Amino acid sequence: MFLRMILRAFLRQWKKMAMIAFTIALGSSLATAMLCVMMDVGDKVNQELKTYGANIKVVPKDASIINELYDTDGENMSGAYLREDELGKIKTIFWAFNIVDYAPFISTNASLNGGDEVTVTGTWFNHHMELPTGETLDAGVVSMRSWWEIIAGDWIDEQNGDDRDVAMVGKALAEANGIKVGDTIDLKGSSGEKSLLVSAIFDAGGDEDDQVYVYLDTAQVLAALDGKVDSIEVSALTTPDNELAEKAAADPSSLSIAQKETWLCTAYVSAICYQIQEVITDSVASAVRQVADSEGEILNKTQLLMMLITVLSLVGAALGICNLVTASVMERAQEIGLMKAIGAQNPSITGLVLTEILLTAIIGGIAGFFAGIGFAQIIGHSVFASAISVRPMVIPIVAVLVFIVTLIGCIPAIKMLLGLRPTEVLHGR
Amino acid sequence: MKKRKMYMRMITASLLRRRSRMIVALLAIAIGATILSGLVTIYYDVPRQMGAQFRSYGANMLFTAVNDTFSQEDVDNAVAVIPESQRVGVAPYRYETVRMNDRPVLAAATDMEGAKSASPFWRVNGDWPSADGQLMIGKSVASLYKLNPGDKIEVTYTPVIETENSSSDEEALEENADEEFILDNYIDFEVVGILDTGGNEEEYIYMTLNDMEKLTGKANYYNVCELSVSATADELSVYADKISEGVEGINARLVKRVTQSETTVLSKLQSLVLLVTVVVLALTMICVATTMTAVVAERRKEIGLRKALGASDKSIIGEFMGEGLLLGFAGGFLGAFLGFLFAQGVSVSVFNSSISFRPLLLPVTIIVSVVVTGVACLIPIRSATDVDPALVLKGE
């Protein structure tokens with residue numbers, strides 16, 4: 001009988017039920033979309049902030065200071081270098097997945113076209129790597145120097161260019177020497193000579209404007225430094241620092257075992273630095289504060305902002321659902337009055353109304369959940385040009401939210417219904 | 001006149017008598033209006049607030065000298081081009097090679113307060129130099145010299161003998177000939193802080209401008225000036241052009257890495273907030289509309305009864321719409337203020353700064369609420385007036 005009553009209610013009043021379901025669907029889609037976006041916004045914004053370039057710099061131990069302090073004329077006399085064959089190891093550390101990009105650099109001086117000495121930097125442009133894990137990675141300055149403006153020509157394309165004797169020339173240097181794209185420049189280093197084809201002129205808005213960028217091996221030939229690199233810049237997705245991370249960065253040995261575990265298992269920039277140092281022989285990896293700290297700042301703010309907006313929309317959705325449920329239950333005063341008049345008990349009326357509404361809520365909530373995922377994807381694709389991943393945690397949150405909100409919405413209405421006097425209602429008072 | 005009075009009385013009496021339903025409706029509209037005004041306020045404020053956060057990336061404009069150096073007056077003239085409200089930090093730098101323990105070190109002198117605000121990412125272990133005789137040293141220098149905060153160190157500088165300017169050439173030559181006669185300037189410094197930036201700054205030592213003046217004997221002389229300006233990339237390039245053309249001796253450049261990246265990320269963030277606002281608003285407005293529809297649909301019987309008593313469709317629609325619009329107005333008004341309070345709360349807790357009230361948002365919120373309620377009411381009223389009153393009264 002109970003089932004039949006409910007079934008009849010759905011069949012007879014399908015329009016009204018559809019409207020309740022629709023509103024609940026709206027509310028739950030709103031909640032789902034906002035929760036999905038909020039939980040993923042950290043990763044997405046982190047990815048965007050990679051345009052600021054590397055947040056970790058790896059240099060050889062000890063020699064780094066002497067080299068940069070005294071070696072003002074660029075003669076590489078310090079003799080301390082990192083090994084090129086170890087570069088792949090960076091992608092094998094525990095936090096390999098968080099390392100989105102990296103590039104090695106080697107700088108040397110060479111005379112340009114038999115004239116002035118210029119700084120020549122060898123690096124990766126869009127180096128393709130097959131990792132031991134089976135993954136592939138395209139890394140290099142094309143993505144790590146996204147703010148460079150190519151004035152003429154094109155970026156050097158490592159994967160497509162058979163000719164490795166090419167170079168990119170900084171704007172200031174090109175203007176001073178009248179170099180154009182397509183010209184050939186002769187570079188004479190301390191131990192080698194190369195004739196390179198200029199493939200692009202770039203404007204970096206910094207010191208690089210006076211330099212020549214070439215393939216890593218070209219620079220190594222010029223300086224007779226086979227298989228060696230000066231420094232490595234690493235771009236990693238990190239968690240903003242907290243007290244523990246600062247303590248660890250100052251001195252990893254000051255931590256207790258439990259603390260150290262937490263530290264190593266969180267993607268703090270200091271933890272990633274520590275692990276890089278372990279795989280690269282004789283290296284010092286340090287956080288580039290300008291990028292690392294600012295990233296944390298902006299990430300935290302964005303997440304907090306999105307969280308508050310999410311809370312507002314959740315409250316809005318909850319009140320909206322609540323309201324409609326109240327309105328639509330109150331509307332049925334007459335029907336309930338009649339039921340009471342013919343002897344229905346309060347508990348059975350409550351049960352009937354609740355079951356009806358909750359059934360509707362389940363249907364609406366599920367429909368809304370999927371619609372919400374759709375909305376989240378729209379936001380993800382149009383803002384970040386990538387899909388927003390749906391955390392499993394969203395499902396229980398939305399389910400509980402819809403359930404509780406619907407119940408709360410029913411309470412005032414049911415209270416009112418139970419207080420009804422059948423005669424009055426049927427009279428229409 | 002009398003008719004209008006009666007109309008108003010009917011509407012208000014109807015609202016008052018059906019209090020619980022009307023509260024439900026009013027609440028629904030107010031929520032919608034709150035979300036509208038709150039999110040729109042945040043949307044308009046995000047670029048400004050977030051832009052300020054992005055200043056933590058440090059300087060986005062550089063002044064370099066056209067001929068080697070420039071003076072404080074040049075800096076003042078150039079800085080005057082940028083409105084004061086947009087200046088976050090101005091740090092003029094002067095670089096010299098000095099010696100510590102007879103080893104050359106690059107020394108920078110600057111206005112410490114300016115440097116602090118222009119490069120907020122600098123981490124100082126210890127204190128910033130606040131008085132003369134205090135020195136901040138980069139991390140690499142500190143480990144090379146094994147110095148800690150509190151240690152004392154002597155910094156020496158050999159003044160350049162400008163032979164051509166000297167009044168007596170003979171004397172100058174004599175001094176050059178015998179190095180013993182060139183007196184080194186030196187200052188005993190106390191190391192107060194160690195600078196950790198992860199960049200080249202770690203290889204410098206930092207002192208106040210006063211100390212540098214004492215050490216070198218030359219004043220009012222800068223090599224570079226770093227500026228942190230809270231402005232969009234377009235505004236910045238306008239300022240840079242103006243300064244390079246208008247101020248003699250200074251060449252203003254943008255730090256491309258910072259300006260370019262900021263534009264990219266900030267525009268993404270703004271479009272994120274915009275899209276979220278649109279989705280949330282659309283869903284909430286539909287939600288408000290369905291609630292209003294439910295509230296009005298309940299009164300089909302009343303409409304039928306009135307029709308049966310001879311009321312015209314027009315007067316029924318007029319009356320119900322009047323009620324709806326009044327609710328819409330009240331809800332919109334309430335929501336506009338609640339929304340502002342919410343936006344204020346967000347701004348204070350996220351960005352630690354307050355938001356200014358946008359007067360335009362008040363009428364916009366009210367108009368949107370009135371329109372949404374109006375449309376939401378019209379649908380059920382229409383369907384009720386369109387049918388035969390007998391059918392409505394019978395409940396079919």
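Not measured: the values here are computed from a predicted model. Scope of the values below: all heavy atoms of this structure, side chains included, with no hydrogens, waters or symmetry mates. Per chain, numbering begins at 1; letters A, B, ... match sequence-line order.
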>> Taking OH in B/Y44 as the centre, count heavy atoms belonging to other residues, nucleotides or ligands within less than 6.0 Å. Is the count above 12?
In response: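 No, the 6.0 Å shell around OH holds no more than 12 heavy atoms from other groups.
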>> Could you check whether atom CG of A/N300 has more than 12 heavy atoms from other residues, nucleotides or ligands sitting under 6.0 Å from it?
In response: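 Yes, because the 6.0 Å sphere around CG of A/N300 holds more than 12 heavy atoms from other groups.
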Working to the nearest 0.5 angstrom, can you tell me the gap between [X] [atom1] and [Y] [atom2]?
X: A/I309; Y: B/Y43; atom1: CD1; atom2: OH; answer: 12.0 Å
X: A/S313; Y: B/I31; atom1: OG; atom2: CD1; answer: 12.5 Å
X: A/L26; Y: B/I286; atom1: CG; atom2: CD1; answer: 5.5 Å
X: A/D293; Y: B/S56; atom1: CG; atom2: OG; answer: 8.5 Å
X: B/Q53; Y: A/L305; atom1: CD; atom2: CG; answer: 10.5 Å
X: B/M50; Y: A/K301; atom1: CE; atom2: NZ; answer: 8.5 Å

Taking every heavy-atom pair that is under 4.5 Å apart, which of [options] has the most such pairs with chain A?
options: B/T284, B/T264, B/D196, B/V279; result: B/D196
options: B/E202, B/E262, B/K139, B/R253; result: B/E262
options: B/F351, B/W122, B/F121; result: B/F121

Considering only heavy atoms from C-beta outward, does the side chain of [X] approach that of [Y] to under 4.5 Å?
X: A/M306; Y: B/L272; answer: yes
X: B/F54; Y: A/L49; answer: yes
X: A/R289; Y: B/L195; answer: no

Checking heavy atoms, do the side chain of [X], its backbone, both or neither come under 4.5 Å from chain B?
X: A/M307; value: neither
X: A/A204; value: backbone
X: A/A31; value: neither
X: A/Q290; value: both
X: A/V41; value: side chain
X: A/V288; value: both
X: A/D203; value: both
X: A/Y52; value: both
X: A/T310; value: neither

>> Test salt bridge (Lys or Arg N to Asp or Glu O under 4.0 Å) on A/D241 and B/R123; report intermediate values, then the result.
In response: CA-CA 13 Å; A/D241 274 6; B/R123 269 197 203 177; 3.7 Å; yes
Return the option, out of [options], with the maximum number of heavy-atom pairs under 4.5 Å with chain B.
options: A/K44, A/M19, A/E149, A/E295; result: A/M19
options: A/L319, A/L30, A/N55; result: A/L30
options: A/E48, A/M34, A/R145; result: A/E48

> Minimum heavy-atom separation for B/K256 to A/W147, with atom names?
Replying inline: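 Closest heavy-atom pair between B/K256 and A/W147: CD-O, 3.6 Å.
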>> To check you understand the geometry: which heavy-atom pair defines the closest contact between B/L275 and A/S382, and what is its length?
In response: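 Reported closest heavy-atom pair: CD2-OG, 3.0 Å.
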Heavy-atom proximity to chain A below 4.5 Å, by part of [X]:
X: B/N125; value: neither
X: B/V258; value: both
X: B/Y57; value: both
X: B/S349; value: both
X: B/I42; value: side chain

> So, the side chain of B/S261 versus the backbone of A/T51: is there a donor-acceptor pair under 3.5 Å, distance only?
Replying inline: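 A pair under 3.5 Å: yes.
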>> Any side-chain to backbone donor/acceptor pair from B/S271 onto A/V383? Under 3.5 Å, distance only.
In response: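 Checking the backbone N and O of A/V383 against the side chain of B/S271, no donor-acceptor pair under 3.5 Å is found.
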> Picking from B/L269, B/V265, B/V273, B/V350, what satisfies side chain to side chain contact (heavy atoms under 4.5 Å, CB included) with A/T302?
Replying inline: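 Exactly one pass, corresponding to B/L269.
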